[in-house]
Amino acid sequence: MDHSLTELVDVGVRCAQSHGVLLDSVAASTPRDRLPTLDTTASRLLDAAVPAHPDAGPYDPQLRLLSPHTLALLGHASQPSVISDVLTVAKRLSIALHRTGDYMSAWETANAAANLTEQPLGAEHRLVLATRSRAGRALFRLGRYTEAELLLRNVRTAQERIFGSDDADTLDTSHGLQLVLANLGRREEALTLLKSVVTGRQAVLGAAHPLTLRSRASLLTMLSADELTANSDTLLSLPSDCDLHLGPEHTVTLGARHNYAWALYVLGQFTAADEAIQLVCQAYKDRFGPDYPIALAAQQLFARTQFALG
């Protein structure tokens with residue numbers, strides 16, 4: 001490689017960063033009948049580099065390094081099958097970035113990937129819509145609620161029309177949209193949508209599926225004290241249900257405990273809420289570090305319970 005196009009960089013991990021023109025030059029010097037092999041091989045390498053099942057965790061600088069390679073490959077791949085494979089990797093990479101708290105990179109990756117593949121695959125291709133949904137979820141985390149609502153609502157409308165309201169992708173977008181609506185102060189609309197997601201996920205995925213349990217746990221943050229009391233038999237046992245089906249260390253279980261502490265706070269059970277959120281704070285700190293977004297949210301609730309207790 002021409003060293004004038006390559007430099008050593010340190011983005012949390014020391015590595016060599018090469019100018020994007022190198023990919024174009026390699027492709028240009030490859031016989032046309034061999035380009036599919038080049039693209040397929042690059043797709044396979046990227047697929048192996050991205051976590052197969054992205055989970056919440058501390059910031060990982062190596063994930064960001066994969067985004068420009070993924071987008072560059074999407075930009076010049078010509079076979080629909082290869083484009084679909086790389087878009088699947090791009091969506092998974094966006095999820096991985098999102099779940100490590102790198103919301104800007106998650107949005108940039110998903111948005112660019114959807115834009116690059118809209119023409120060759122079609123704007124209403126399942127993968128293109130699902131990738132746009134991920135972009136909307138990242139916009140929400142960036143605080144860009146108005147943009148997030150518009151994007152997620154448009155995606156959900158298309159998914160409902162093409163795949164149906166109980167399709168797994170439609171339900172995923174709906175779960176993201178209700179988060180936005182709740183933060184825009186439209187509680188009743190958000191709650192109605194969330195309840196429909198819970199019902200749909202129970203029917204499609206089953207009551208013990210992590211996504212079903214996550215949506216049920218979200219209800220703990222949406223309901224008033226009276227509503228929580230009326231549904232206490234099914235909702236306040238959620239941490240135990242998650243322990244049983246997913247295990248005590250699962251991300252959804254930790255989230256359910258966090259939301260359970262909030263529900264106790266809303267119910268005025270401040271001592272119990274304080275004890276519960278202290279355990280969550282420690283678990284988040286041990287797993288994610290003290291500055292991870294969810295860890296900060298737990299610390300905020302801990303401050304509220306401490307204040308309530310004087």
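Just so you know, these numbers come straight off a predicted model, no measurement behind them.
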### Query
Do side-chain atoms of Ser67 reach the backbone of Leu63 as a donor and acceptor pair under 3.5 angstrom?
no
### Message
We want to know whether Arg287 and Thr251 form a side-chain donor-acceptor pair, criterion being a heavy-atom distance below 3.5 angstrom.
### Response
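Short answer, yes.
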### Query
Do Leu184 and Leu193 share a hydrophobic cluster (ILVMFWY, side-chain heavy atoms under 4.5 Å, transitive)?
yes
### Query
Between Glu189, Glu160, Glu147, which is the residue that forms a salt bridge (Lys or Arg N to Asp or Glu O under 4.0 Å) with Arg153?
Glu189
#### Entry: Full working for side chain to side chain contact (heavy atoms under 4.5 Å, CB included) between Gln278 and Gln282
CA-CA 6 Å; Gln278 284 191 62; Gln282 188 60 52; over 6 Å; no
#### Entry: Sidechain N-carboxylate O distance under 4.0 Å for Glu227, Arg187
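Looking at Glu227 and Arg187, the cut-off is met.
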### Message
With rounding to the nearest 0.5 angstrom, report the CZ to CG distance, Arg214 to Asn259.
### Response
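Taking CZ in Arg214 and CG in Asn259, the distance rounds to 10.5 Å.
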### Query
So how far is it from Thr109 OG1 to Ile95 CD1, rounded to the nearest 0.5 Å?
11.5 Å
### Message
So if I apply the side chain to side chain donor-acceptor pair (under 3.5 Å) rule between Thr173 and each of Gln159, Arg134, Arg156, Arg137, which one comes out positive?
### Response
Gln159
### Task
Would you sort out whether Tyr284 and Leu254 count as a side chain to side chain contact (heavy atoms under 4.5 Å, CB included), showing the intermediate values?
CA-CA 8 Å; Tyr284 282 162; Leu254 293 177; 3.9 Å; yes
### Message
Check the orientation of Tyr292 and Phe288. Use parallel for under 30°, tilted for 30 to 60°, and perpendicular for over 60°.
### Response
parallel
### Side-chain touch Pro210/Leu246, heavy atoms, less than 4.5 angstrom
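Yes, side chains in contact.
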### Message
With side chain to side chain contact (heavy atoms under 4.5 Å, CB included) as the test, pick out the partner of Val82 among Leu38, Leu74, Thr40.
### Response
Thr40
